[in-house]
2 protein chains.
Amino acid sequence: MTKTPAQPARRTPTLEDVAKAAGVSRATASRVVNDVGTVDPALRLRVHDAIAATGYVPNSAARTLVNRRTGTVALVMSGSDGSAEQVFADPFFGRITGGVVTCLRDRGMRATMLLADSDKARRDALDTARRESDGALLVSTHPNDPLPQLFVEAGVPAVLFARPSSMLPISFVDVGHDVGGALAADRLADRGCRRIATIAGPADLPAAIDRLAGFERALQRRGIPYVHVARGNFTAESGEQAMTELLAQAPDLDGVFAANDLMAVGALRVLRDAGRAVPDDVALIGFDDSQPARLTRPRLTTISQPVEAMAAHMTTILLTHLTTPETPPTSVVFDPHLVPRETA
Amino acid sequence: MTKTPAQPARRTPTLEDVAKAAGVSRATASRVVNDVGTVDPALRLRVHDAIAATGYVPNSAARTLVNRRTGTVALVMSGSDGSAEQVFADPFFGRITGGVVTCLRDRGMRATMLLADSDKARRDALDTARRESDGALLVSTHPNDPLPQLFVEAGVPAVLFARPSSMLPISFVDVGHDVGGALAADRLADRGCRRIATIAGPADLPAAIDRLAGFERALQRRGIPYVHVARGNFTAESGEQAMTELLAQAPDLDGVFAANDLMAVGALRVLRDAGRAVPDDVALIGFDDSQPARLTRPRLTTISQPVEAMAAHMTTILLTHLTTPETPPTSVVFDPHLVPRETA
DNA sequence: ATGAAAGCGCTAACAA
DNA sequence: TTGTTAGCGCTTTCAT
């Protein structure tokens with residue numbers, strides 16, 4: 001019965017307990033735990049035993065208090081005002097979250113979920129990101145989102161998912177939307193389509209702009225310069241309407257690229273109703289490889305983005321900025337790929 | 001130029017700074033900040049001014065260290081082993097997250113996202129939930145998930161989304177799956193269907209069991225005792241297969257209830273291919289009110305769950321447990337409702 | 001290589 | 001009502 005023998009109380013063990021059990025000072029125990037500085041191998045072993053014996057786990061609040069590091073990254077979903085529910089219902093959101101959480105987990109870190117869908121929410125998100133996280137991952141669903149700029153101005157480390165509409169000194173990951181458009185163009189051209197049309201997305205969305213540009217350029221390269229363009233807003237209904245317009249404008253068309261799957265689904269319905277066989281009369285390609293693309297009959301050929309990988313990479317970029325603050329803004333653009341199914 | 005006049009340094013202000021600026025002690029400043037104890041109105045005012053002047057915001061790590069409260073709730077997505085990406089791609093997940101985050105935000109709290117898809121991940125989640133959050137919200141995607149039991153045994157405050165397969169002394173929210181099944185039954189019966197079949201979900205899933213039971217009971221009440229049952233696994237493909245079986249078994253059927261929308265989508269395809277007009281020859285009802293339900297033509301009549309409200313309520317239950325630990329486990333079952341569209 | 005000691009910013013007894 | 005003080009658990013100089 002010398003020092004603190006058996007039941008010191010039902011309290012969660014602290015570094016002090018470990019030190020005592022190992023017969024060393026708290027400082028030494030800390031060094032062992034953090035694997036820093038130099039400690040005698042023998043002592044190190046004793047400390048490790050003590051850790052195992054006591055079941056010690058570091059208290060992160062205490063660490064944060066002294067280190068100014070939280071081990072947490074804020075994942076900010078930024079929607080237009082009051083769009084909370086809508087933002088989260090999009091499977092995209094979940095895939096991004098999955099990529100981020102998985103990546104952070106490998107590094108012993110966590111993600112806290114923030115929602116920025118009003119001016120106040122944006123301020124709060126900035127504040128929380130600054131004070132209770134080490135940095136932020138920003139996912140905007142609409143163009144001209146003021147959030148990225150806010151973070152840049154406040155000097156809070158942040159990385160964007162998708163290129164911002166206006167130039168900003170901030171890192172981001174994105175997919176090559178233009179490359180995706182080109183993939184679709186080549187696929188249509190390769191299968192012999194010559195009277196081609198496209199259902200483009202909103203004209204103020206960088207992603208939509210690039211998909212269209214890449215698509216048109218690729219066709220031009222293939223000697224198919226003229227493309228009928230109708231605009232949609234990424235809903236199935238707008239896809240129906242656009243397809244209807246297109247059919248009226250160019251009844252003889254034989255290939256269509258829709259800037260997302262939902263619009264492609266709408267287009268498919270109109271084509272079917274118009275008695276056009278897909279893909280034999282008209283080939284059709286979507287974008288996103290979303291669930292609806294797999295559910296249509298015929299199944300939708302589409303362009304896929306490596307969302308999880310992008311999210312993971314976005315996370316590692318942020319961690320780099322945290323480790324090496326002087327790192328200049330970096331952007332990484334991922335390659336999309338064609339998912340050949342039945343409509344093209 | 002008396003005390004700390006202008007630029008005390010570019011350091012984030014602490015309570016000490018506020019106290020100094022207001023000419024009071026740190027304790028008084030703390031009382032004002034936390035609105036606790038009794039403080040002279042005049043001093044209170046001076047402290048508030050000082051807070052505004054310094055731009056003070058409490059340091060949460062320091063608070064956590066002394067309070068043992070993190071202001072954070074762990075949102076644990078629990079999938080079968082290695083199913084990370086799949087879990088997150090489900091829109092359900094996002095809707096739950098949205099409900100939780102919104103509810104927490106109103107109370108000045110945050111959610112940290114955890115993924116429990118392996119034994120190690122489950123242990124880690126438990127540990128993180130215990131050490132870095134005040135409690136946990138558990139969302140299981142598969143039956144017989146060991147996670148809830150783990151939390152119960154560890155005594156970590158937790159609330160489940162959906163009733164656990166085995167009885168457990170733990171709070172949960174759920175939707176009345178049986179009520180939903182009955183809603184579908186009544187709808188079919190009301191529109192005159194008499195030769196009714198159902199595509200049930202996995203026999204080991206409480207939700208699937210209840211949907212089927214509620215459906216059958218309601219039909220029985222209406223004097224339609226016999227129901228053809230085929231099983232699916234909640235995918236569109238399984239829905240196709242089940243519908244094919246059903247059509248073979250009961251070629252004259254005139255109404256079908258599928259236990260989820262995806263299977264209903266599959267069924268719809270088979271019915272169309274079989275030349276059955278929907279809803280005129282065969283009426284069809286799904287469950288979930290998911291995106292695919294809105295995309296089919298005809299649009300799918302379905303049963304909707306108030307997911308966001310359920311998630312929010314799950315959160316408030318957890319907060320109640322945190323405030324009043326002796327609160328016994330509570331369960332709240334929400335009413336689903338019928339979303340009448342075109343297939344029934 | 002190791003330990004003593006000084007905080008990190010805050011809350012809560014306890015005194016006054 | 002207010003202030004003093006003792007920690008919460010940890011890291012990190014600075015001596016030794």
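Residue numbers begin at 1 in each chain, while the letters A, B, ... track the order of the sequences.
B:T315 has its side chain out of reach of B:V73: every pair of non-hydrogen atoms, C-beta onward, lies at least 4.5 Å apart. Counting only heavy atoms from C-beta outward, the side chains of A:M109 and A:L319 approach each other to under 4.5 Å.
One distance of note links CD of B:E132 with OG of A:S60; it measures 3.5 Å at 0.5 Å rounding. In this structure, the separation between OG1 on B:T38 and CZ on B:R44 is 9.0 Å, given to the nearest 0.5 Å. Interatomic distance, CG of B:D49 versus OG1 of B:T54, reported as 10.5 Å (0.5 Å rounding). To the nearest 0.5 Å, atom CG of residue B:L75 and atom OG1 of residue A:T97 are 10.0 Å apart.
Annotation: ring-ring contact (aromatic ring centres under 6.0 Å, His included) contacts involving residues 93-123 of chain B, sequence neighbours excluded, comprise A:F93-B:F93, B:F88-B:F93.
Applying a 4.0 Å cut-off to non-hydrogen atoms, the residues of residues 26-39 of chain A that approach DNA chain D are A:R26, A:A27, A:S30, A:R31, A:N34, listed by residue number. Residues of residues 57-73 of chain A having a heavy atom closer than 4.0 Å to DNA chain C, listed by number: A:L65, A:V66, A:R68.
Of the possible donor and acceptor atoms, none in the side chain of B:T72 sits under 3.5 Å from a partner among the backbone N and O of B:A111.
One interatomic measurement links the two molecules: CD of A:E16 to P of D:dC10, which rounds to 9 Å at whole-angstrom precision. To the nearest angstrom, P of C:dA1 lies 16 Å from CZ of A:R46.
One finds no side-chain N or O of B:T14 lying less than 4.0 angstrom from the OP1 or OP2 phosphate oxygen of C:dG9.
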